[in-house]
Q: 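One structure, as structure tokens, below. Some questions next.
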Amino acid sequence: MIYNSTRNSKLEVSASRAINDGISQDGGLFVPSELPKLDSAFFERLSGLDYTGRAAEVLRLFLDDFTDSEISDCVRGAYVGSFDNDDPAPLHKLSDNASVLELWHGPTCAFKDMALQLLPHLLTRSAKKTGDGKRTVILVATSGDTGKAALEGFKDVPDTDIIVFYPDRGVSNAQKLQMATQTGGNVFVSAINGNFDDAQSGVKRIFVSDEIKAKLSENGMAFSSANSINWGRLLPQIVYYVSAYCDLLKEGKSGAFNVVVPTGNFGNILAAFYAKCMGVPVDKLICASNRNNVLTDFIADGTYDRNRGFYTTISPSMDILISSNLERLLYHISGSDSKVRDWMKQLSNTGCYTVDGETREQISSHFVGGCADDAATKATIKDTFDRYGYLCDTHTAVAVKVYNDYVKATGDDKQTVIVSTASPYKFAADVLDAIHPDHGCDAISAMAELSRVTGVKVPKPLEGLDKREVRFKGVCEPADMAKVVYDYLKIN
């Protein structure tokens, strides 16, 4: 399996090199040169395996410079003993036609655990295969969940440091406490004065700076990424869509189904698109956005325009106006690295680009967009709990709202998988506001009150957050992010 850059299809690297480097030297993202095709026999066989077995089978299709035993060791290290009941991605029946794919049963109670429990295993082996012998510096921008999941996955991993940047006023209180209290001797966290796009753009500038890379190399270090720009982050996400279909098969549901994904950076729904291209019988990919609905507009009219107001919402992990993984979709759909280079240049220079008619048509054949503001999100949390006894977080509620709107508008009520990306307790204050508006609790006591009101237990990883030692209190300007990296790594 060869990997190319979205901005240079002639560039070819191995899987381990793509994972180790994280991003191509030309600023592009690594993508597989072709996607494997899966048949009914493959799905029937995987239906009889547990999640770890399914993950190993899918990963083997993409990581042909890893041995079978290496892949097995990686997936066991990631998924055995780390998730509730060793069942990382259970399907919860919501109604006759809809199931919720719960991806938050890991150590940080968010879907990012599905990839970030696995990535450290993949990355450490990739670093050995590439033979560089350098200390790996993981650089992360987070809108809330990736940061904690990456910190938890990489803490105390040998020959590795991890540095996380997050928007100071753009994450929930629980997310901030999870990062600020992170243990481990090789971790560092800093808030920035700005939004997630500022953090993400700052990280990308550091990644592609020849001066900074040379400085690290002089000190025996090299960057890699735990964001979904890294193929090693995206690949594990394909697994849970394959696994969800296997679970539907076990229930006797073998037909086409829709998938609804709440997303801001586009990686989670892109993984579903890849699964569809591989043979999982996904019909419509329904992209759910909050008030920052740049993706909704792009799917509707083919113009990506980040020149708009930025909103801080109760679903902060989707407060994003620059969706990095959309670049991979554009490369796959258009089949043209030159078009992708041009569109990304326009995005960088003007904040806007418009795809050609054929590309727009192809995207529309797969994707539908929808969005929900905060008021609609809260109303959906309450309605879903009242109707089904199911408590969902502020991101999953966006997906449920968009799903309901889609069915009402189209009449398409085929079997649907709604992706649930976080425990409601990561956003307890806002979820409690929706269920019981007159609670009078602060952000921490809201957890206990939400549990009392709903009867749903607080997940163990979130218990006692306010009692943990706060290790990281720093806030920097986006322009000073490189200096923060140098200071932590003790590079002059």
Side-chain angles (χ1 to χ4, degrees), residues 100-101 103-104 108-112 114-115 140-149 166-167 169-176 194-201 227-229 233-234 237 259-272 285-300 304-306 308-326 329 367-381 392-403 405-406 418-424 426-427 429-431 434:
V100 178
L101 179 61
L103 302 176
W104 42 263
T108 77
C109 303
F111 83 101
K112 305 297 176 69
M114 300 297 297
V140 177
T142 183
S143 55
D145 288 333
T146 289
K148 172 59 180 178
Y166 71 91
R169 291 176 294 278
V171 301
S172 76
N173 188 66
Q175 288 173 315
K176 182 179 290 190
N195 58 39
F196 170 74
D197 291 326
D198 297 320
Q200 181 169 248
S201 296
N227 283 98
S228 57
I229 57 174
R233 254 288 303 277
L234 195 59
Q237 295 180 262
V259 174
V260 190
V261 187
T263 185
N265 217 13
F266 206 75
N268 205 359
I269 198 166
L270 178 66
L285 292 151
I286 303 170
C287 180
S289 302
N290 61 16
R291 195 178 175 193
N292 294 295
N293 59 349
V294 63
L295 287 169
T296 308
D297 292 345
F298 172 72
I299 291 168
Y304 194 96
D305 188 357
R306 65 176 175 86
R308 59 180 69 206
F310 177 88
Y311 301 102
T312 300
T313 74
I314 62 172
S315 46
S317 296
M318 295 192 290
D319 290 347
I320 295 171
L321 293 180
I322 304 175
S323 304
S324 289
N325 271 290
L326 190 59
L329 178 73
F367 291 87
V368 175
C371 56
D373 62 16
D374 283 356
T377 301
K378 285 188 176 183
T380 302
I381 291 171
C392 57
D393 85 295
T394 52
H395 302 75
T396 307
V398 170
V400 173
K401 168 63 174 169
V402 170
Y403 165 70
D405 290 346
Y406 171 77
I418 301 170
V419 175
S420 179
T421 54
S423 163
K426 293 203 78 166
F427 310 92
D430 291 311
V431 175

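Basis for what follows: all heavy atoms, side chains included, without hydrogens, waters or symmetry-related copies.
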Q: Drop me the distance from Lys112's NZ to Ser228's OG, to the nearest 0.5 angstrom.
A: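 Rounded to the nearest 0.5 Å, the NZ-OG separation comes out at 7.0 Å.
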
Q: Might you point out which heavy atoms bring Ser172 and Pro316 nearest each other, and give the distance in Å?
A: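 For Ser172 and Pro316, the tightest heavy-atom pair comes out as N-CG, 4.2 Å.
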
Q: With Asn290 as reference, evaluate Thr377, Thr313, Thr296, Asp374 under the side-chain hydrogen bond (donor to acceptor under 3.5 Å, both in side chains) test and give the passing residue.
A: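 One option only clears the test, and that one is Thr313.
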
Q: With Ala272, which residues qualify under side chain to side chain contact (heavy atoms under 4.5 Å, CB included), at least two apart?
A: Tyr241, Val259, Leu285

Q: Mind checking the SG-CG spacing from Cys109 to Leu103? Nearest 0.5 Å is all I need.
A: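 Answer for the SG-CG pair, Cys109 versus Leu103, is 12.5 Å.
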
Q: Give the intermediate values and the outcome of side chain to side chain contact (heavy atoms under 4.5 Å, CB included) for residues Thr312 and Arg169.
A: CA-CA 8 Å; Thr312 300; Arg169 291 176 294 278; over 6 Å; no

Q: Once side chain to side chain contact (heavy atoms under 4.5 Å, CB included) is applied, do any residues pair with Ala376, and if so which ones, sequence neighbours excluded?
A: Ala372, Asp373, Lys401

Q: Does Tyr304 form a side chain to side chain contact (heavy atoms under 4.5 Å, CB included) with Leu326? I'd like the steps, not just the answer.
A: CA-CA 10 Å; Tyr304 194 96; Leu326 190 59; 3.4 Å; yes

Q: Which is it for Val171 and Thr142 under the side chain to side chain contact (heavy atoms under 4.5 Å, CB included) test, yes or no, and what are the steps along the way?
A: CA-CA 9 Å; Val171 301; Thr142 183; 5.7 Å; no

Q: Can you tell me how far the CZ atom of Phe298 sits from the SG atom of Cys287, to the nearest 0.5 Å?
A: 10.5 Å

Q: Just to verify, what does Asn227 make a side chain to side chain contact (heavy atoms under 4.5 Å, CB included) with, not counting sequence neighbours?
A: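 Checked Asn227 against side chain to side chain contact (heavy atoms under 4.5 Å, CB included); matches are Val140, Ala141, Thr146, Ser225, Ile229.
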
Q: Holding to ring pair (Phe, Tyr, Trp, His ring centres under 6.0 Å), I want the full list of residues that pass it with Phe367, two or more places apart in sequence or in another chain.
A: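 Expected list: Phe266, Phe273.
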
Q: Would you compute the distance between atom CG of Asn268 and atom OG of Ser317 and round it to the nearest 0.5 angstrom?
A: 11.0 Å

Q: Between atom OG1 of Thr263 and atom CD1 of Ile320, what is the distance when rounded to the nearest 0.5 Å?
A: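 Rounded to the nearest 0.5 Å, the OG1-CD1 separation comes to 7.0 Å.
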
Q: Are the side chain of Ser420 and the backbone of Leu101 linked by a donor-acceptor contact shorter than 3.5 Å?
A: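 Pair absent, no side-chain N/O of Ser420 close to backbone of Leu101.
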
Q: If you take all heavy atoms of Gly264 and Leu295, which pair is closest and at what distance?
A: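 Scanning both residues completely, I find the closest heavy atoms to be O-CD1, 3.7 Å.
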
Q: Specify the closest pair of heavy atoms between Ser315 and His395, including all atoms of both residues, with the distance to one decimal.
A: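 Looking at all heavy atoms of both residues, the closest pair is C-NE2, 3.1 Å.
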
Q: Is there a side-chain contact between Ile322 and Gln200 (heavy atoms, below 4.5 Å)?
A: yes

Q: Please find the pair of heavy atoms, one from Asp393 and one from Pro424, that lie closest to each other, and give the distance.
A: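 So the minimum-distance heavy-atom pair works out to CB-CA, 3.6 Å.
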
Q: Between the main-chain N or O of Gly267 and the side-chain N or O of Asn265, is there a donor-acceptor pair closer than 3.5 Å?
A: no

Q: By the salt bridge (Lys or Arg N to Asp or Glu O under 4.0 Å) test, which pairs, at least two apart or in different chains, include something from residues 308-317?
A: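 Qualifying pairs: Asp297-Arg308.
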
Q: Answer yes or no: is there a donor N or O on one side and an acceptor on the other, between the side chain of Asn292 and the main chain of Phe310, under 3.5 Å?
A: no

Q: Name all residues meeting the salt bridge (Lys or Arg N to Asp or Glu O under 4.0 Å) criterion together with Asp145; count only those two or more places apart in sequence or in a different chain, and write none if there are none.
A: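 Partners of Asp145 under the salt bridge (Lys or Arg N to Asp or Glu O under 4.0 Å) test: Lys426.
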
Q: Given Val260, which partner from the list Val100, Ile418, Val398 fulfils the side chain to side chain contact (heavy atoms under 4.5 Å, CB included) test?
A: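 Result: among Val100, Ile418, Val398, Ile418 is the only option passing the side chain to side chain contact (heavy atoms under 4.5 Å, CB included) with Val260.
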
Q: Quick one: does Asp319's side chain get under 4.5 Å of Phe196's, heavy atoms only?
A: no

Q: Taking the side chain as C-beta and beyond, is there a heavy-atom pair between Pro262 and Val419 under 4.5 Å?
A: yes

Q: Got a donor-acceptor contact below 3.5 angstrom from the Thr394 side chain to the Ile314 backbone?
A: yes

Q: If you round to the nearest 0.5 Å, how far is OG1 of Thr380 from CG of Asp405?
A: 8.0 Å

